[in-house]
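Every value quoted in this text rests on a predicted model; they were computed, and no experiment measured them. Note: hydrogens, waters and symmetry copies are ignored here, and every other heavy atom, side chains too, is used.
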Amino acid sequence: MQRKRYAPGRTGSAARTAVVLALGLGLGAGLTACSAGAPADDIAVDAKAGQAAAPVAPPGRYRTLFEPCGAVPQATLKDLLPGAAALPDAERDKAYRGVAAVTYDTDRRVGCTWRADTPDTSHRLSLDIERVVSYDAAVSDDDRAQEVYVRKQLAAGIPLPTVPPTATGGPTDPATGAPSATGKPAEGVSALADKAPSAGTPTTSAPAGTPTTPTGTPSGAPTGSTTPGAGSAATGLEPRVLDDLGDVAYLDDVLSTVGANSRERAVSVVFRTSNVIVTVWYREQTTGSAEAPDSAELQGKARNLARQLAERLEE
């Protein structure tokens, strides 16, 4: 029987090469199929990566605050505290140095208080300076400071001015009429403006607080009957908005009866410049037969100091 002749074919290295080539072609085809069938979600995620981030509201102009006890010139203190001139040298120097308010962050809030007494008259001056910071990326520091300012003005019972819409129809700050820094009012400002008293509504609150008492009556202020702006409405000295100080400002004037024979007048001037709010609180108390403190004199002195501080902020 004749054997079938053996024909050498793909053996050895040649066979192994063919197997590798076949596997390589199959793997490549598989990878191509997987790529072609990639989920649409993966593609969508890549597309979103190129989108712009939401705009961030601009920061306020101020990052620090000046030292308050040294911010008032001695000549101004002599005018505001006339009783200090009669004190012994050591006590007079102490009165002019003032007492710094206790705060936990001097870049956020500072204050100082001065006092000088005579047998018939007592004078007290307080400063409260607050730097407002917004923690909402969509609301600027200035807009947040405006919200704080509006709360103070409403607490004093002073009406917010009525502001017509701008020509572009954009939102405005309730107390200034200027366009909002972020293109929209800070949250809560519009609601506060809606609660504003109408013009002619009498003020009912005490002056703005001292550094250690941010709202309400300053610490050490007397209790008793009060007459906001008493005797001043007919002369234009009533509590009112000021248009020549900072971005926005107002003045409050309260006359109080203390005990049986003492009267006190407290004048506060509050203004905002960018994201800083300054409160100047000036009080005079008379006893016995002394006349009641003069409204025009106290208002003039308080406004003069407020202007000096506004200029200091511009330096």
Side-chain angles (χ1 to χ4, degrees), residues 44-45 47-68 71 101 103-111 127-156 158-196 208-209 211 214-215 241-250 269-280 306-307 309-315:
V45 170
K48 292 179 181 178
Q51 293 182 356
V56 177
R61 175 179 177 183
Y62 302 100
R63 299 300 181 91
T64 60
L65 298 173
F66 54 78
E67 196 281 314
T103 62
Y104 298 98
D105 186 350
T106 54
D107 285 336
R108 291 293 303 276
R109 192 165 198 161
V110 294
L127 296 184
D128 179 27
I129 307 171
E130 178 183 4
R131 184 175 68 91
V132 180
V133 177
S134 172
Y135 294 101
D136 184 346
V139 179
S140 71
D141 292 346
D142 285 19
D143 283 347
R144 187 64 71 201
Q146 176 66 9
E147 182 179 351
V148 175
Y149 170 85
V150 167
R151 289 184 185 276
K152 289 177 177 288
Q153 183 170 328
L154 294 180
I158 299 176
L160 297 176
T162 302
V163 181
T166 61
T168 59
T172 60
D173 285 338
T176 66
S180 169
T182 59
K184 67 175 184 178
E187 181 181 357
V189 171
S190 299
L192 291 171
D194 292 339
K195 297 179 181 178
T215 59
V241 171
L242 303 176
D243 58 5
D244 59 350
L245 184 63
D247 295 333
V248 285
Y250 71 84
V269 177
V270 182
F271 70 90
R272 177 183 71 82
T273 297
S274 185
N275 61 320
V276 169
I277 299 175
V278 178
T279 300
V280 175
R307 279 192 290 269
L309 296 174
E311 292 172 359
R312 176 69 180 268
L313 287 170
E314 294 297 328
E315 294 178 356

statement: Contacts of Ala249 meeting side chain to side chain contact (heavy atoms under 4.5 Å, CB included) (sequence neighbours excluded), chain-then-number -> Leu242, Leu245, Phe271

message: Could you check whether any side-chain heavy atom of Leu309 comes within less than 4.5 Å of a side-chain heavy atom of Leu127, counting everything from C-beta outward?
response: yes

task: Sequence neighbours left out, what passes salt bridge (Lys or Arg N to Asp or Glu O under 4.0 Å) with Asp105? Give chain and number order.
output: none

statement: Sorted by chain and residue number, the salt bridge (Lys or Arg N to Asp or Glu O under 4.0 Å) partners of Arg63 (sequence neighbours excluded) come out as none

- prompt: Distance-only, no hydrogens or angles: does the Asn275 side chain make a donor-acceptor pair with backbone N or O of Pro59 under 3.5 Å?
  reply: no

message: A side-chain contact here means heavy atoms from C-beta on lying under 4.5 Å apart; do Val278 and Thr273 qualify?
response: no

query: Between Arg61 and Glu314, is there a side-chain N and carboxylate O pair less than 4.0 Å apart?
result: yes

field: Validation row: Arg109, Tyr104 side chains within 4.5 angstrom (heavy atoms)
entry: no

query: Does Tyr62 use its side chain to pair, donor to acceptor, with the backbone of Leu313 at less than 3.5 Å?
result: yes

field: Separation between CD of Glu315 and CZ of Phe66, rounded to the nearest 0.5 Å
entry: 9.0 Å

message: How close do Ser140 and Ser134 get, counting heavy atoms only, and between which atoms?
response: O-CB, 3.7 Å

- line: Note: Ile277 and Ala145 closest approach over all heavy atoms is CD1-O, 3.4 Å

message: Applying salt bridge (Lys or Arg N to Asp or Glu O under 4.0 Å), can you list everything that pairs with Glu311, at least two apart in sequence or on another chain?
response: none

statement: Partner of Leu160 under side chain to side chain contact (heavy atoms under 4.5 Å, CB included), picked from Val241, Leu154, Val248, is Leu154

query: Taking only residues two or more places apart in sequence or in another chain, which ones pass side-chain hydrogen bond (donor to acceptor under 3.5 Å, both in side chains) with Ser274?
result: Asp142

- request: Locate the shortest heavy-atom distance separating Gly111 from Pro68; write the atom from each residue and the value.
  value: O-CG, 3.4 Å

- request: Kindly indicate whether the side chain of Val110, heavy atoms from C-beta on, has any atom under 4.5 Å from the side chain of Glu130.
  value: no

query: Among all residues two or more places apart in sequence or in another chain, which pass the salt bridge (Lys or Arg N to Asp or Glu O under 4.0 Å) test with Arg108?
result: none

query: Of all heavy-atom pairs between Val270 and Tyr149, which one has the smallest distance, and what is that distance?
result: O-CE1, 3.9 Å

SB check Arg131 Asp141 (cutoff 4.0 Å): no

message: If I compare all heavy atoms of Pro159 with all of Gln153, which pair ends up nearest, and what's the gap?
response: O-NE2, 3.0 Å

